[in-house]
K.L.:
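My questions all concern the structure below.
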Amino acid sequence: MRVGYIKPAAATMQGLAKIDVPDLTMPIDRYSEWLTAIIDDDVVYMTNTVSNLSKSDKHRHFNGHFTTEDRETERIFHIHFKKHSRIHCQKPLILAFIYGSKKVMAAMLEHGADPLAKESNLDTILHNVASVANSYPETEPELAEMYGYFMDLLSKKQQKELLYSENELGLRPLEDAAHKGCSLLVKSIFQTPGLYLAKEKAYGMWIYQWYDITDYECFGETSRRGKSPLAFIGFISNKSAHCDNTKKLLYWNPFYHWYRIKLLANTPWLVLWGLCRFAFSLLVMVIMVEKSNLMKQGGIPEDEAELYPNATFYYCSGYTIIYLSPGRLKAAAIFTCVCATLGLAYDVGELAYVLTSGRPAFLRIQLRRGDTAISFWFHRVSQTLFLSAVLLFAAKIAINRPISVDVVSDIGRLFIIITAFASLLFFLEQLPQIGFYIIAIKRMLKDSSTSGCVVDFSDYLRSFYSMFLIMLNMLNLETIQVKNAFVLYMTHMVFIFVVSILLVNFLIAVMTDSAIRISMQKKTLLRLEKLHTVFIVESRLCWILKSYYRFMIRRMAIEQDDRIYLLNIEQIAKKK
């Protein structure tokens, strides 16, 4: 593999054995030949050089880190790595891994290079490889292949220690690769013999594989349930979701089996939750359009307008045919208040649990990314706002206080309707017929705003509002001081007609491209959305339903010697 991440600076000194640099730093201008040997997999140069080094210099060459001394060298050294702030690849062994220099990497390990060493950001060699694969997806196949070669050079003890090492986010390499959307690396790491692939046996034409998922399915102090790689895959970025490797990982038997376990365990609660939410929303709408409630507010049917000319407002007589007795209306309002209060209390309790325990980690970490945060908070905030508005609205009816008819109350009613629909989108996405279209619209909306270079188009709301004003020709020209207003008006008219046509066609082109790309990945996106949903449901329920989830995982997986395994069966001829 040859990638241009680092362009070595020209050498300024000859004879590496004579260089005296404190600590383990290796200025790149002085060690350029050493860096070139790493990149070119020149094991002959490396062997000849090492033979002339002292013990301390040899340790620096294999376990040191490249540094820079001037701005130009620093620019050359970091020109690509600064594309992603998580990449800190300065150690020789890590660079040999990234460049695919197998001979040099084996020689380094033989001469004492530490495979467990960490960079300045506490990332191990595997964490850094995942960062590179995330920023440069075209290198991931070669990096995944290098992973197998690299692990074969280590002892079982070193493999275990390396794969169980955590970075500054508290993630192991498997979890970090899933967090960064590196599907091939996830698959390669998950197949590490003796660790995640606990055992493998052949019987006739079939091979049986036991994958250990105990850390991600148990409960207790050592549980990593909140850092499950499957959960991180469910919150994968939009860029990684359209990658073919992601589709292959989702349909890979072990992960598909794991996905099915999660889906079957959480579907009953998702259905129950959705039905309760639909019933609650329907009850709220019934209270809002109940006839006696409208009459208390001064509402009169339109067909009786001539009889009551001084009515507060008029409504279509066909708008509502629902009529409840005062007692039933009050009971419905009280029940609505109780449900809204319980819902808000649960949200607050869950938030307190997350803040005090730091779980689930996958959610806390993934919310750092904008697209995931928007999707998640849109659902959670809309739900909380809906319950809060309903509580205020229903409380007045419960205490027999008529709701005033003014702009604030009208906005409140509209707000309840909008937030009710927004909170139901979370459940509508799961329906087979319409769910995909909601998912597609959500993903296409990401093409509608820029990254903030223009203030009027810096986010979703401003972009839509600015486009709306332009299309309606609502720009206030009176605030602009010009000598010839006629020229300004004519220019603006031409701009409206021409630019509107261009913008509409551009929007159609962008959305069409997004729609085609999304339709090609329909099954994958639906599976990712379901995975995303079941982990949201599980994260909200596992703290009060631990016994249920223990029962489900024991029923659908294999439990032996207090360990939990996924059993995968394949034909030997098909095993890759």
Side-chain angles (χ1 to χ4, degrees), residues 266-294 296-297 299 315-316 318-325 327-351 374-399 401-403 408-439 441-442 529-530 532-534 536-537 539-541:
N266 289 281
T267 295
W269 302 109
L270 177 63
V271 172
L272 180 61
W273 186 12
L275 290 176
C276 292
R277 177 52 59 83
F278 274 98
F280 179 74
S281 300
L282 180 61
L283 179 60
V284 171
M285 297 306 159
V286 167
I287 294 176
M288 290 182 64
V289 301
E290 198 274 331
K291 196 168 186 177
S292 63
N293 184 32
L294 294 177
K296 284 183 179 180
Q297 301 173 42
Y315 62 88
C316 178
Y319 176 64
T320 175
I321 57 174
I322 300 173
Y323 180 80
L324 299 176
S325 64
R328 291 182 177 179
L329 178 62
K330 184 175 182 179
I334 293 175
F335 179 75
T336 302
C337 290
V338 172
C339 292
T341 302
L342 291 176
L344 289 173
Y346 188 88
D347 285 345
V348 173
E350 183 200 2
L351 179 62
I374 290 172
S375 176
F376 175 77
W377 288 116
F378 176 78
H379 158 65
R380 296 302 299 274
V381 172
S382 63
Q383 173 181 288
T384 303
L385 292 177
F386 170 62
L387 294 176
S388 302
V390 167
L391 183 61
L392 295 175
F393 183 88
K396 287 189 175 183
I397 300 176
I399 60 177
R401 286 183 57 187
I403 299 175
V408 176
S409 298
D410 292 340
I411 293 176
R413 292 186 183 89
L414 180 62
F415 183 77
I416 290 176
I417 296 174
I418 294 175
T419 53
F421 178 74
S423 65
L424 290 176
L425 286 178
F426 178 76
F427 305 99
L428 294 175
E429 291 173 358
Q430 315 310 318
L431 300 179
Q433 300 301 325
I434 65 175
F436 170 71
Y437 297 101
I438 298 175
I439 297 171
I441 292 173
K442 282 173 52 178
E529 195 65 31
K530 288 182 179 179
H532 173 103
T533 303
V534 297
I536 289 293
V537 173
S539 67
R540 302 202 68 183
L541 296 177

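The chain is numbered in sequence order, starting from 1.
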K.L.:
Does anything in residues 337-346 pair up under side chain to side chain donor-acceptor pair (under 3.5 Å), and if so which pairs, sequence neighbours excluded?
P.N.:
Tyr346-Trp543

K.L.:
Looking at every non-hydrogen atom in both residues, tell me the closest pair between Leu424 and Arg277 and how far apart they are.
P.N.:
CD2-CG, 3.3 Å

K.L.:
Can you list everything that forms a side-chain hydrogen bond (donor to acceptor under 3.5 Å, both in side chains) with Thr533? Sequence neighbours excluded, please.
P.N.:
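Thr533: side-chain hydrogen bond (donor to acceptor under 3.5 Å, both in side chains) contacts with Gln430.
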
K.L.:
Which pair of heavy atoms, one from Met285 and one from Ala420, lies closest together, and at what distance?
P.N.:
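For Met285 and Ala420, the tightest heavy-atom pair comes out as CE-CB, 3.8 Å.
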
K.L.:
Quick one: pull up CG in Leu392 and SG in Cys337 and give me the separation to the nearest 0.5 Å.
P.N.:
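With rounding to 0.5 Å, CG (Leu392) is 9.0 Å from SG (Cys337).
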
K.L.:
Over all heavy atoms of both residues, which pair between Ala333 and Ala394 is shortest? Give the atoms and the distance, please.
P.N.:
CB-O, 3.7 Å

K.L.:
In the structure I gave you, are the side-chain heavy atoms of Trp269 and Leu272 within less than 4.5 Å of one another anywhere?
P.N.:
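Contact flag for Trp269/Leu272 side chains = yes.
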
K.L.:
With rounding to the nearest 0.5 Å, note down the distance linking CG in Leu283 to CZ in Phe278.
P.N.:
15.0 Å

K.L.:
State, with a plain yes or no, whether a side-chain heavy atom of Thr336 is found less than 4.5 Å away from one of Phe393.
P.N.:
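Not in contact.
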
K.L.:
Answer yes or no: is there a side-chain heavy-atom contact under 4.5 Å between Phe335 and Ile287?
P.N.:
no

K.L.:
Starting at NZ of Lys530, measure out to OG1 of Thr267 and round the result to the nearest 0.5 Å.
P.N.:
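Between atom NZ of Lys530 and atom OG1 of Thr267 there are 8.0 Å.
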
K.L.:
Side-chain contact, heavy-atom cut-off 4.5 Å: Leu270 with Phe427?
P.N.:
yes

K.L.:
Would you say that Trp273 contacts Leu541 through its side chain, given a criterion of any heavy-atom pair below 4.5 Å between the two side chains?
P.N.:
no

K.L.:
If you round to the nearest 0.5 Å, how far is CD1 of Ile416 from CG of Leu385?
P.N.:
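CD1 of Ile416 is found 11.5 Å from CG of Leu385.
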
